[in-house]
Amino acid sequence: MYSNRHKTFRHIGVAMDVINIMLAIAIIILGIVIIIDVNKYIILFPVLFTVSALMNIILAIKHYKMSEMSRALVLGIASIGLIVISIIGYITVL
């Protein structure tokens, strides 16, 4: 029973790592696009913070599953902060 649970978490952990890599690439691309022309792509600032919050939430879940509660808590708090910044950004841009 333990080995099946451990294997399942390992597969979920790999999936979370792949998702984090894709989100990191999206964050880098968004950052580059924003730098190209800030006035034209100002709407992407809140999107950038939203994607960053999503990445932190996924990392927090991963650390929670690995029983690293302090890291999960810090990442959760950072995610909440990024979500607040995203909401403020959406309000001000729109």
Side-chain angles (χ1 to χ4, degrees):
M1 175 95 178
Y2 176 75
S3 62
N4 288 337
R5 183 176 179 192
H6 185 66
K7 287 180 184 178
T8 302
F9 177 70
R10 190 177 327 149
H11 292 297
I12 292 172
V14 170
M16 287 182 169
D17 288 339
V18 170
I19 291 170
N20 277 328
I21 290 170
M22 292 188 316
L23 289 174
I25 292 169
I27 290 169
I28 292 168
I29 291 171
L30 281 169
I32 292 171
V33 168
I34 290 170
I35 289 172
I36 289 172
D37 189 5
V38 175
N39 293 329
K40 185 177 180 182
Y41 298 111
I42 197 161
I43 188 69
L44 294 179
F45 271 112
V47 175
L48 179 70
F49 287 117
T50 304
V51 174
S52 299
L54 181 61
M55 184 174 176
N56 278 338
I57 289 169
I58 291 172
L59 282 171
I61 292 169
K62 181 178 177 182
H63 286 293
Y64 178 78
K65 293 286 188 181
M66 293 171 45
S67 299
E68 296 177 358
M69 299 303 170
S70 60
R71 287 185 183 179
L73 181 64
V74 169
L75 286 167
I77 292 170
S79 298
I80 291 170
L82 287 170
I83 290 170
V84 169
I85 291 172
S86 297
I87 291 170
I88 292 170
Y90 285 122
I91 291 171
T92 57
V93 170
L94 299 177

Would [X] end up clustered with [Y] when hydrophobic side chains under 4.5 Å apart are linked, directly or stepwise?
{"X": "Ile35", "Y": "Leu48", "answer": "no"}
{"X": "Ile19", "Y": "Ile21", "answer": "yes"}
{"X": "Phe45", "Y": "Ile29", "answer": "yes"}
{"X": "Ile25", "Y": "Leu30", "answer": "yes"}
{"X": "Tyr64", "Y": "Leu73", "answer": "no"}

side-chain hydrogen bond (donor to acceptor under 3.5 Å, both in side chains) contacts in which one or both residues fall within [range], not counting sequence neighbours:
{"range": "residues 38-55", "answer": "Thr50-Ser86, Thr50-Tyr90"}
{"range": "residues 27-38", "answer": "none"}
{"range": "residues 12-23", "answer": "Asp17-Lys62"}

Partner residues of Ile57 under the side chain to side chain contact (heavy atoms under 4.5 Å, CB included) criterion, sequence neighbours left out
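Side chain to side chain contact (heavy atoms under 4.5 Å, CB included) check on Ile57 returns Ile61, Ser79, Ile83.
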Residues passing the side chain to side chain contact (heavy atoms under 4.5 Å, CB included) test with Ala60, sequence neighbours excluded, are Leu75
Point-to-point distance, once rounded to the nearest 0.5 Å, from CG of Leu23 to CD1 of Ile58: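 With rounding to 0.5 Å, CG (Leu23) is 5.0 Å from CD1 (Ile58).
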Distance col, row Leu59:CG vs Leu54:CG, nearest 0.5 angstrom, shows 10.0 Å
Can you name the one residue among Val84, Ile85, Ile91 that meets side chain to side chain contact (heavy atoms under 4.5 Å, CB included) with Ile88?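 Among Val84, Ile85, Ile91, the one that satisfies the side chain to side chain contact (heavy atoms under 4.5 Å, CB included) with Ile88 is Val84.
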_Shortest non-hydrogen separation from Val47 to Ile43 and the atoms involved_ =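 Scanning both residues, the minimum pair turns out to be CG2-O, 3.8 Å.
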**Q.** Closest non-hydrogen atom pair between Met55 and Ala24, with its separation
**A.**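 Smallest heavy-atom distance, with atoms named: CE-CB, 4.0 Å.
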Apart from Ile28 itself, members of its ILVMFWY cluster (side-chain separation under 4.5 Å) are Ile32, Ile36
